[in-house]
Amino acid sequence: MYGLGIVKGMAVTLKHMIETYLDDIRWIGRGGRYWNPDALEVRQNILGSRGAVTINYPEEKLPVPERFRFVPFLVTDDPPPGQSWGHDWCTSCGICAKVCPPQCIWIERGKQPNGRPKPEPEQFWIDIDICMNCGFCAEFCPFDAIKMDHDYELASYDRSAAHIHDKARLSKPLSYWREIAPRKAAAEAAAREMAEASKGKRRSKDDGADQPTLPEEHLQQLYYRGSGY
Ligand code: SF4
Ligand code: SF4
């Protein structure tokens, strides 16, 4: 019916407006909706909040969902004790640079002392002003070495140095990836384990040894991966 969509839209707006006041009442006597830290937790929860809320950014921030993606970062091993850097996962294969639609990735491959190429980047740059946060680089990387970050607070007054992220700026340890994307990191770990297991299977087939099997929870994590995680 003509105009029904407008009525439905207005009803949703009205519901949000009423819920806003009802939520205010709910927190009376408990420190108030805007000052009680528990109320703040509820308001910052995308699924749990009711009514319209105002976020006093940057003092308050909404948590971002696991699949949120901002500019990429490079995964490294967690640094060994006493060291500041872990081993790079990137092999400088260049696939991410090839698939990047606006071509904002530049990689300089490492060299061994004898001049032969080394499977790790000497340098890696991403121009974050050109990056459109599409996530193709992370999707196509065969080594799980580049991931989309959740850090969106990158504004600065300096265009040249601050907006071209180099390898040092881009590198973050695996523990960081596990922290911001626990389900995806677990699914990737399971997939890598399965790939290793199937390699072992091929090897042990030749030797006639018992075949390794994956635990049930890892198979479930792989199912997650297949469904978008
Ligand atoms: S981040 Fe991944 S795709 Fe890009 S060069 Fe490194 S290993 Fe290759
Ligand atoms: S997120 Fe997209 S635009 Fe940004 S570096 Fe990766 S592939 Fe390029």
Side-chain angles (χ1 to χ4, degrees), residues 62-80 83-113 115-156 158-196 198-199 221-222 224-226 228-229:
L62 281 173
V64 294
E66 182 166 332
R67 284 210 238 173
F68 181 85
R69 52 172 204 256
F70 210 60
V71 295
F73 69 94
L74 293 174
V75 180
T76 69
D77 280 334
D78 289 331
Q83 291 186 27
S84 15
W85 295 103
H87 181 257
D88 296 314
W89 284 25
C90 174
T91 62
S92 70
C93 69
I95 290 175
C96 55
K98 279 202 179 73
V99 299
C100 173
Q103 295 285 287
C104 62
I105 298 178
W106 295 272
I107 304 165
E108 189 183 310
R109 175 171 273 184
K111 276 193 186 145
Q112 297 176 28
R116 291 173 68 85
K118 193 162 62 165
E120 58 188 60
E122 184 65 34
Q123 253 310 349
F124 201 113
W125 297 274
I126 297 181
D127 187 331
I128 63 158
D129 283 342
I130 298 176
C131 173
M132 57 187 197
N133 317 122
C134 65
F136 272 24
C137 49
E139 287 296 323
F140 281 88
C141 175
F143 301 98
D144 289 337
I146 188 164
K147 297 290 165 201
M148 301 307 288
D149 209 342
H150 286 186
D151 181 12
Y152 52 84
E153 294 181 313
L154 300 175
S156 78
D158 174 31
R159 160 73 185 92
S160 49
H163 290 200
I164 310 279
H165 286 191
D166 64 6
K167 186 172 160 235
R169 175 78 168 77
L170 289 167
S171 297
K172 295 189 178 177
L174 176 63
S175 51
Y176 175 75
W177 175 235
R178 285 197 185 122
E179 189 187 321
I180 66 169
R183 285 198 296 175
K184 190 152 196 222
E188 288 167 356
R192 283 193 297 273
E193 198 171 318
M194 186 146 134
E196 283 302 314
S198 68
K199 267 193 220 161
Q221 283 160 347
L222 284 173
Y224 260 142
R225 195 175 207 204
Y229 282 98

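Numbering of ligands and ligand atoms starts at 1, following listing order.
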When rounded to the nearest 0.5 Å, the distance separating OG of S92 from CZ of F143 is 9.5 Å
### Task
Answer yes when K172 and D149 have at least one side-chain N-carboxylate O distance shorter than 4.0 Å, and no when they do not.
yes
I'd like to know if K147 and E188 make a salt bridge, using a cut-off of under 4.0 Å between side-chain N and carboxylate O.
yes
Interatomic distance, CZ@F73 vs CE@M148, rounded to 0.5 Å, equals 10.0 Å
Near atom 4 (Fe) of ligand 2 (protein N/O/S, cut-off 2.8 Å, waters excluded) we have C131 SG
Residue pair T76 / C90, side-chain heavy-atom distance below 4.5 Å = no
Here the side chain to side chain donor-acceptor pair (under 3.5 Å) pairs for residues 96-108, sequence neighbours left out, are none
Review item, side-chain donor-acceptor pairs of residues 117-126, under 3.5 Å, at least two apart:
from, atom 1, to, atom 2, distance (Å)
Q123, OE1, K167, N, 3.2

Total protein N/O/S atoms sitting under 2.8 Å from atom 8 (Fe) of ligand 1, waters ignored, is 1
Do the side chain of S171 and the main chain of A168 share a donor and acceptor less than 3.5 angstrom apart?
no
Any side-chain heavy-atom pair of W177 and D144 under 4.5 Å:
no
Short version for M148: what comes under 4.0 Å of ligand 2, heavy atoms counted, is side chain
Item to complete: Give a yes or no on whether the backbone of E66 and the side-chain of H150 come within a donor-acceptor separation of less than 3.5 Å.
Response: yes
